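Computed from a predicted model, the values in this text were never measured in an experiment. Atoms within each ligand, like the ligands themselves, are counted from 1 in listed order. We're numbering straight along the sequence, starting at 1. Keep in mind that the numbers below use all heavy atoms, side chains included, and drop hydrogens, waters and symmetry copies.
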Amino acid sequence: MDGAKLAEMAVLAMRSAYSPYSGFAVGAALLTKSGRVYLGCNIENASFSPSVCAERTAFFKALSEGEREFEKIAVVGGKDGMASSYCSPCGVCRQVMAEFCPGDFIVIMRNKDGSLREKALKELLPEPFEFKIK
Ligand code: THU
């Protein structure tokens, strides 16, 4: 599946965002190596800290279904449910991606005119935290 199609799916996912506190809706579409797509949206909370980003929603849905190999993710976000400028994944989501994805995992961002920007995870997070039990 190409990046444009995956970004379209992220726009669909954005419609489910629950973001009454920030007014910023985000959608993500995660493509697995097996060819399945998992959608995610941000889900906020009155207590703020339980809020979760769209990317982690998509990852945790996929992981909890047993998926472990991922190819790319598209992310779209903006105020009042409208896609705006490129929505770059937050640091926490980058670290979650790094747990399960190699450095060549691709993150696709789309702005409001539909232009795409692609970055490898290793560019977005060059030195992820790693913990190895001896
Ligand atoms: N958000 C995401 O869903 N993904 C990101 O990568 C950055 C931020 C959400 C969190 C919060 O609900 C809203 O955007 C504003 O920060």
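- Numbered from 1 in the order shown, with element, the atoms of ligand 1 that lie under 4.0 Å from a heavy atom of Ser88 read 6 (O).
- With contacts defined as side-chain heavy-atom distances shorter than 4.5 Å, the pair Ile106/Glu71 does not qualify.
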>> As a quick check of understanding, evaluate ring-ring contact (aromatic ring centres under 6.0 Å, His included) for Tyr38 and Phe59, giving each step before the final call.
In response: CA-CA 8 Å; Tyr38 290 83; Phe59 264 92; 9.7 Å; no

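- For the side-chain hydrogen bond (donor to acceptor under 3.5 Å, both in side chains) with Ser88, the qualifying choice from Arg117, Lys119, Arg94 is Arg94, the only one to do so.
- Residue contact annotation: Pro89 has a non-hydrogen atom under 4.0 Å from ligand 1.
- In terms of polar-atom proximity, Ser19 is not counted as a contact of ligand 1, lacking any N or O under 3.5 Å from an N or O of the ligand.
- Residue Leu30 forms a side-chain contact (heavy atoms from CB on, under 4.5 Å) with just one option from Leu63, Val75, Ile73, Leu6, and that option is Ile73.
- If you take CE on Met14 and CG on Leu12, they are separated by 11.0 Å, rounding to the nearest 0.5 Å.
- Considering backbone and side-chain N/O of Ala54, one or more are found under 3.5 Å from N/O of ligand 1.
- The distance from ligand 1 to the heavy atoms of Glu44 drops below 4.0 Å at these ligand atoms: 11 (C), 12 (O), 13 (C).
- Of all protein heavy atoms, the one closest to atom 4 (N) of ligand 1 is Glu55 OE1, 2.8 Å.
- Considering backbone and side-chain atoms together, Cys90 places an N or O closer than 3.5 Å to an N or O of ligand 1.
- Closest to atom 10 (C) of ligand 1 among all protein heavy atoms lies Cys53 SG, 4.0 Å.
- Atoms of ligand 1 found under 4.0 Å from any heavy atom of Ser22, numbered from 1 in the order shown, are 13 (C), 15 (C).
- Looking from atom 9 (C) of ligand 1 to the surrounding protein, the closest heavy atom is Asn42 ND2, 3.6 Å.
- The hydrophobic cluster containing Phe48 also contains Ile43, counting ILVMFWY residues as joined when their side-chain heavy atoms lie under 4.5 angstrom apart, directly or transitively.
- The residues Glu8 and Arg110 are annotated as salt-bridged, a charged nitrogen and a carboxylate oxygen being separated by less than 4.0 angstrom.
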